[in-house]
Number of protein chains: 2
Amino acid sequence: MTAVSRDFNVQESTIDYGPLGNDLGYVLRRAQLWVFQDFIRTMTPLDLRPAQYSVLVIIHHNPGLSQIALASALGIERARLVRLLDQLEERKLVERRPAASDRRSHAMHLTPQGERALAGALDLVATHRLACLEEFGGPNNYETLVRLLARFGAPQ
Amino acid sequence: MTAVSRDFNVQESTIDYGPLGNDLGYVLRRAQLWVFQDFIRTMTPLDLRPAQYSVLVIIHHNPGLSQIALASALGIERARLVRLLDQLEERKLVERRPAASDRRSHAMHLTPQGERALAGALDLVATHRLACLEEFGGPNNYETLVRLLARFGAPQ
DNA sequence: TATTGTTATACTCTATAACTATA
DNA sequence: TATAGTTATAGAGTATAACAATA
C-alpha cells in the first residue's frame, strides 16, 4: 500500500483502484449504498424507504411543521417533498391539515396509523443498526463515524 | 443532548431530529451529498461527474478491462455502465476495442484525450480534497473516515 | 447452456422553472 | 411583491428483464 493507492482485499480480481481507495467521496458513496440497501431490505415488511422513514421521524418529533420547514430540515427540495407526502398520505400515514395562521400552508401530522408504522419502523431500525455495527467494525467505529459526520445531518 | 436525540446547531429553527441525529445512514447520506455537490462544482470546467471520474480512474489503472469487470469493480450494473461508456466514448475520452481472446468482450482504454482529461481532473480533485479536509475537520478526521469506510470501496 | 454487451422499462432522486392561491 | 404548495420536465442513478452474438 502506497500513500496514493490503497490496496483493497480483492480475492478474485486484481483491480487497481488508484486514488479512489483514498477518495472520501468514493468510499462514502459506497458505504452509504450498502447502508441504504440494508435499510431497505430490513424495512421490507413495512415498505418504507429511507427518505420516507426520515419524513415520518421529523413529523413525529415536530408535529404541525409546514412543508417548507420539513423540506428544509431534511435538505430536500419542496417539489420533491410533495411527491413523498402524496405517497405517504395515500397510505394514510401522514395528514396535511390546514395551518391555523396561514391559509397557504399545511400543518403536517402523523395519523394514528402513521404513529404505529413509525413505532414498527423503529424496531426494524434497531435490527438494521445491529447489522451496521457489525459491518462497520463495532460500536466504537460506528460512534466515531456518526460523530465525524453529524455536522452534515442538519442545515447550517 | 440525550443518548437518543443529538442536538444539531440550528440557529433559525428548532427542529428535533429525534433518532436521525445518531442514524449512520442518515448522516452518511447527507455527508455524501455535500461531497458530491462540491465535487461536481469543482469539476465544472471538465464537466465530469463522480461516476464518470471513477470510470476514467479504473480504466487508466487497468487498461484492457472488460465492461463486466469494470462494472463489478465499481459496484454498478453492467446495463448502467453501457450508458456511461456511451457518453464518454462520444466525448472521445474512452475507447471500446475488440478483445483479443473473446469476441463478445470489449477491452476498455482511455484515449490520449481521456488521459489528458484525467490528468486535469486529478488537479481539480486535489482542490476538492482541500475543501473536504476543511469541511470534515482536518486531515486526521479525513483519514479516520477513509480508514473506517475503506472496506466498502471494493467488492468482497 | 452460459456469458458479454445491449436495449428497454420502471421507479427513485436531484434540480429547475413556472403556475395558483394566498400573504 | 413575496411565499407555500403544486405541477411539469430533464437528467442521473438503481433494478430488472429480455435479447443477439458469442463462448
Side-chain angles (χ1 to χ4, degrees), chain A residues 12-13 25-26 28-30 32-41 43-44 47-55 64-90 94-108, chain B residues 12-13 25-26 28-30 32-41 43-44 47-55 64-90 94-108:
Chain A
E12 78 286 19
S13 61
Y26 176 72
L28 213 44
R29 172 64 172 160
R30 297 205 59 173
Q32 184 254 304
L33 280 178
W34 185 92
V35 174
F36 269 32
Q37 278 160 4
D38 187 79
F39 183 99
I40 292 167
R41 197 183 322 128
M43 216 61 96
T44 300
D47 189 27
L48 274 185
R49 298 179 61 82
Q52 297 172 317
Y53 165 72
S54 68
V55 165
L65 211 60
S66 71
Q67 294 185 201
I68 284 270
L70 180 53
S72 163
L74 290 173
I76 63 180
E77 291 296 322
R78 66 190 200 279
R80 159 91 184 112
L81 182 62
V82 170
R83 288 292 200 89
L84 270 172
L85 291 177
D86 285 349
Q87 296 172 329
L88 293 172
E89 201 168 33
E90 261 177 46
V94 308
E95 201 183 355
R96 286 166 163 117
R97 297 189 194 158
S101 55
D102 187 337
R103 287 169 54 204
R104 296 171 301 183
S105 186
H106 293 154
M108 299 309 309
Chain B
E12 77 284 22
S13 61
Y26 175 72
L28 213 44
R29 172 65 173 159
R30 297 205 60 172
Q32 184 255 304
L33 280 177
W34 185 92
V35 173
F36 270 31
Q37 279 161 2
D38 186 79
F39 183 100
I40 292 166
R41 196 183 321 127
M43 216 60 96
T44 300
D47 188 27
L48 274 186
R49 298 179 62 83
Q52 298 172 317
Y53 166 71
S54 67
V55 165
L65 212 60
S66 72
Q67 294 185 201
I68 283 272
L70 181 52
S72 163
L74 290 173
I76 64 180
E77 291 297 321
R78 67 190 198 278
R80 160 88 185 117
L81 181 63
V82 170
R83 288 292 202 89
L84 269 172
L85 291 178
D86 286 349
Q87 296 173 329
L88 294 173
E89 202 169 31
E90 263 179 44
V94 307
E95 200 183 356
R96 286 165 163 118
R97 298 188 194 159
S101 58
D102 186 336
R103 287 169 55 205
R104 294 170 303 183
S105 185
H106 293 154
M108 300 307 309

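Order of the sequence lines sets the chain letters (A, B, ...), proteins ahead of strands, with each chain counted from 1.
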NA contact type, [X], heavy-atom cut-off 4.0 Å: base, sugar-phosphate, or nothing?
X	value
Gln37(A)	sugar-phosphate
Gln67(B)	sugar-phosphate
Arg49(B)	sugar-phosphate

State which residues pass side-chain contact (heavy atoms from CB on, under 4.5 Å) with [X]; sequence neighbours excluded, sorted by chain then number.
X	answer
Arg78(B)	Ile68(B), Ala71(B)
Ala99(B)	Ser105(B)
Arg49(A)	Ile40(A), Gln52(A)

Here the gap from Leu81(A) atom CG to Leu88(A) atom CG, rounded to the nearest 0.5 Å, amounts to 9.0 Å
* Looking only at heavy atoms, what is the nearest atom pair of Leu85(B) and Leu70(B), with distance? ->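 Minimum heavy-atom contact is CD2-CD2, 4.4 Å.
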In short, Ser66(A) meets Ala69(A) closest at the heavy-atom pair OG-N, 3.1 Å
Within residues 95-104 of chain B, the residues having a heavy atom closer than 4.0 Å to DNA chain D are Asp102(B), Arg103(B), Arg104(B)
Exercise for the section: Using the closest heavy atom to pick a nucleotide of DNA chain C for each, name whichever of Gln87(A) or Ala79(A) lands nearer the 5' end. Expected result: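 Residue closer to the 5' terminus by nearest nucleotide: Gln87(A).
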Between Arg78(B) and Gly75(A), which has a closest nucleotide on DNA chain C that is more 5'?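 Upstream on the strand: Arg78(B).
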Atom-pair distance ([atom1] on [X]; [atom2] on [N]), nearest Å:
X	N	atom1	atom2	value
Arg83(A)	dC11(C)	CZ	P	11 Å
Leu70(B)	dT4(C)	CG	P	13 Å
Leu81(B)	dT4(C)	CG	P	13 Å
Gln52(A)	dC13(C)	CD	P	7 Å
Ile40(B)	dA15(C)	CD1	C1'	11 Å
Arg80(A)	dT12(C)	CZ	P	8 Å

### Message
Taking salt bridge (charged side-chain N to carboxylate O under 4.0 Å, His left out) as the definition, give me every residue that meets it alongside Glu89(A), ordered by chain and number, with sequence neighbours left out.
### Response
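Listed in chain order: Arg96(A).
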Those residues at least two apart in sequence (or on a different chain) that pass salt bridge (charged side-chain N to carboxylate O under 4.0 Å, His left out) with Arg80(A) are none
ring-ring contact (aromatic ring centres under 6.0 Å, His included) filter on Phe39(B), not counting sequence neighbours, yields Tyr53(B), His128(B)
Pick the closest DNA chain D nucleotide for Leu33(A) and for Ser105(A) by heavy atoms, then say which residue is nearer the 5' end.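 Closest to the 5' end, via its nearest nucleotide, is Ser105(A).
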> Contact boundaries of DNA chain D with chain B (under 4.0 Å, heavy atoms), 5' to 3'?
Replying inline: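 Going 5' to 3' along DNA chain D, contacts run dA12(D) to dA23(D).
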